[in-house]
Protein chains: 2
Amino acid sequence: MADVNVSTLSHSPKDPAKGAGKLDDSQGNGGIPAVELIELLFFAYRDFVGDADELLARLGFGRAHHRVVHFVNRHPGMRVADLLAVLKITKQSLGRVLRELVDNGYIDQKAGATDRRERLLYVAPKGEELARQLVTLQTRRFARALNECGPGAREQRESSSLP
Amino acid sequence: MADVNVSTLSHSPKDPAKGAGKLDDSQGNGGIPAVELIELLFFAYRDFVGDADELLARLGFGRAHHRVVHFVNRHPGMRVADLLAVLKITKQSLGRVLRELVDNGYIDQKAGATDRRERLLYVAPKGEELARQLVTLQTRRFARALNECGPGAREQRESSSLP
DNA sequence: AAAATAAGTCAATATGGCTGACGTAAACGT
DNA sequence: ACGTTTACGTCAGCCATATTGACTTATTTT
């Protein structure tokens, strides 16, 4: 499950990067074609989030719950509006997820001190523990990914996994 | 729409990184806490894919179509099985998306030369043009993101957008 | 000839987004 | 003090994308 692979497809007659355009290297990315960065981001996100998915599924949660727990853990006392702005989803979408987390004791809500319309969000102990486990999982994957990106990683990648 | 922001939330009483664990720095990530990398990946993916979504929506397509066009463009002649392995979805999920792309003339299928059960995938001219446009969009965003990550970017980020 | 493989398909289901409409409580403005 | 705005919640319905399971068709392998 660790295959952040890009280049080794069994049947690839021609391949040569096509007219894809490179990034202006003045910013210091090592002249990597943009297309490769794009793919890298796709694979990173796919694998990265996959690990956590398994743990979450056992609790009956999904990625949406993950994101909420994560950000509330990182920014205790944030308002619902803040969370909406960060996630860039609608309040209706958030609503379901947030309610489940509150009902199951992962997130606590408190009315704001100065403005009592606000519902400030905090992780309950249960939620903090979950956040910790998720971060651990993802940190491990990051460590593995960075290992593979060390010196000589490129050659390694060229000749690994996939079909 | 360029806000890859993390740290500036209006109501954040306490914040101090909590017990999150840093990556072993032996791999040369600048000692950035893992949690920040995790968030960075989330924001990157969210914004990154958002640009393309608009263009795709106008064609009646979604992210799934994007991924297919992208990978087929990158690896012409790949088999359906290869695509499934790369995307890590089921053939039923791929089926619908692929059919739409073929029906609308973005993707061509040819029976394999040696094994005629295989349906080798190629982008049609229409598909190549779409892929080109999408890469251009994403490359632009990458360029912008890298700009913001240049020297001094950290301080900039601390004092920008969000609510 | 039989078995395995590549692909396609039907059907049912779940998740996580969305829009639109509406309700409630609290704060703000004039 | 009253009307407006804000923060949040919720009902209802829609859509895109993913899932599992069962089955078909063609073709290759054994």
Side-chain angles (χ1 to χ4, degrees), chain A residues 9-11 42 45-46 49-50 52-54 56-70 72 77-103 107-121 163, chain B residues 9-11 42 45-46 49-50 52-54 56-69 72 77-103 107-122 163:
Chain A
L9 286 166
S10 12
H11 295 239
F42 166 73
Y45 195 78
R46 180 199 66 178
V49 123
D53 282 350
E54 295 176 32
L56 291 159
R58 270 177 261 145
L59 300 169
F61 292 151
R63 290 183 190 179
H65 304 83
H66 183 173
R67 296 197 274 260
V68 170
V69 168
H70 176 93
V72 172
M78 77 191 299
R79 298 170 305 157
V80 171
D82 295 332
L83 197 45
L84 290 176
V86 169
L87 301 177
K88 287 192 181 162
I89 58 175
T90 59
K91 69 178 165 181
Q92 295 91 327
S93 298
L94 179 57
R96 242 190 333 225
V97 168
L98 193 51
R99 183 165 7 98
E100 287 168 357
L101 287 170
V102 169
D103 288 352
I107 298 272
D108 289 334
Q109 290 180 315
K110 289 199 301 186
T114 63
D115 184 338
R116 288 180 31 226
R117 289 172 305 182
E118 297 174 347
R119 298 297 165 83
L120 306 187
L121 303 172
Chain B
L9 285 165
S10 12
H11 295 241
F42 165 73
Y45 196 78
R46 181 200 64 179
V49 124
D53 282 350
E54 296 175 32
L56 291 159
R58 271 177 261 144
L59 300 170
F61 292 151
R63 290 182 189 182
H65 305 83
H66 183 173
R67 297 195 276 258
V68 170
V69 168
V72 172
M78 76 191 301
R79 298 170 308 157
V80 171
D82 296 331
L83 197 46
L84 289 176
V86 170
L87 301 177
K88 287 195 181 158
I89 59 175
T90 59
K91 70 178 166 183
Q92 294 92 325
S93 299
L94 178 58
R96 181 184 43 87
V97 169
L98 192 51
R99 186 170 358 102
E100 289 168 355
L101 287 170
V102 170
D103 289 352
I107 298 271
D108 289 333
Q109 291 180 313
K110 289 201 299 185
T114 64
D115 185 338
R116 288 181 30 227
R117 289 172 304 182
E118 298 173 346
R119 300 297 166 84
L120 307 187
L121 304 173
Y122 299 88

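Below, chains carry the letters A, B, ... as their sequence lines are ordered, and counting in each starts from 1.
- Checked against side-chain hydrogen bond (donor to acceptor under 3.5 Å, both in side chains), B:Arg99 has no partners two or more places apart in sequence or in another chain.
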Test side-chain contact (heavy atoms from CB on, under 4.5 Å) on B:Val80 and B:Leu121; report intermediate values, then the result. CA-CA 7 Å; B:Val80 171; B:Leu121 304 173; 4.2 Å; yes
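- Using a 4.0 Å heavy-atom distance criterion, A:Glu100 is classed as making no nucleic acid contact.
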Shorter than 3.5 Å, N or O on both sides, protein versus nucleotides 19-21 of chain C: list them out with atom names.
residue : atom : partner : partner atom : Å
C:dG20  : N7   : A:Gln92 : NE2          : 3.4
C:dG20  : O6   : A:Gln92 : NE2          : 2.9

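- Atom OH in B:Tyr45 sits roughly 13 Å away from atom P in C:dG17 (whole-Å rounding).
- Applying the ring pair (Phe, Tyr, Trp, His ring centres under 6.0 Å) criterion to A:Phe61, with sequence neighbours excluded, gives A:His65, A:Tyr106.
- Look at CZ on A:Arg79: it is 14 Å from C1' on C:dA26, rounded to the nearest Å.
- One interatomic measurement links the two molecules: CG of A:Leu94 to C1' of C:dC18, which rounds to 14 Å at whole-angstrom precision.
- A search for side-chain contact (heavy atoms from CB on, under 4.5 Å) contacts involving A:Val68 returns A:Val72, A:Leu83, A:Leu87, A:Leu94, A:Val97, A:Leu98, A:Leu101, A:Ile107, not counting sequence neighbours.
- Closest-nucleotide positions on DNA chain C for A:Arg116 and A:Ala64 were compared, and the one nearer the 5' end corresponds to A:Ala64.
- With A:Asp82 contributing its side chain and A:Arg79 its backbone, the two residues share a donor-acceptor pair below 3.5 Å.
- Closest to the A:Arg117 side chain, of the nucleotides C:dG8, C:dA7, C:dA25, is C:dA25.
- Here the P atom of nucleotide C:dA7 and the CD atom of B:Gln109 are 9 Å apart, to the nearest Å.
- Among the heavy atoms of the strands lying under 4.0 Å from A:Gly62 are primed sugar atoms or P, OP1, OP2 only; no base atom is included.
- Side chain of A:Arg46 to main chain of B:Val86: a donor-acceptor pair is present (N/O by atom type, distance under 3.5 Å, no hydrogens or angles).
- Among the heavy atoms of the strands lying under 4.0 Å from B:Arg63 are primed sugar atoms or P, OP1, OP2 only; no base atom is included.
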Show your reasoning for whether side-chain contact (heavy atoms from CB on, under 4.5 Å) applies to B:Gln109 and B:Leu120. CA-CA 5 Å; B:Gln109 291 180 313; B:Leu120 307 187; over 6 Å; no
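- You can see that DNA chain D meets the heavy atoms of chain A within a 4.0 Å-exclusive cut from D:dT6 to D:dC11, reading 5' to 3'.
- Contacts of A:Arg116 classified as side-chain hydrogen bond (donor to acceptor under 3.5 Å, both in side chains), with partners at least two apart in sequence or in another chain: none.
- A:His66 NE2 to B:Phe42 CZ: the interatomic distance, rounded to the nearest 0.5 Å, is 10.0 Å.
- One can place CG of B:Leu84 at 9 Å from C1' of C:dA7, the figure rounded to the nearest angstrom.
- Here the C1' atom of nucleotide C:dA7 and the CD1 atom of B:Ile107 are 16 Å apart, to the nearest Å.
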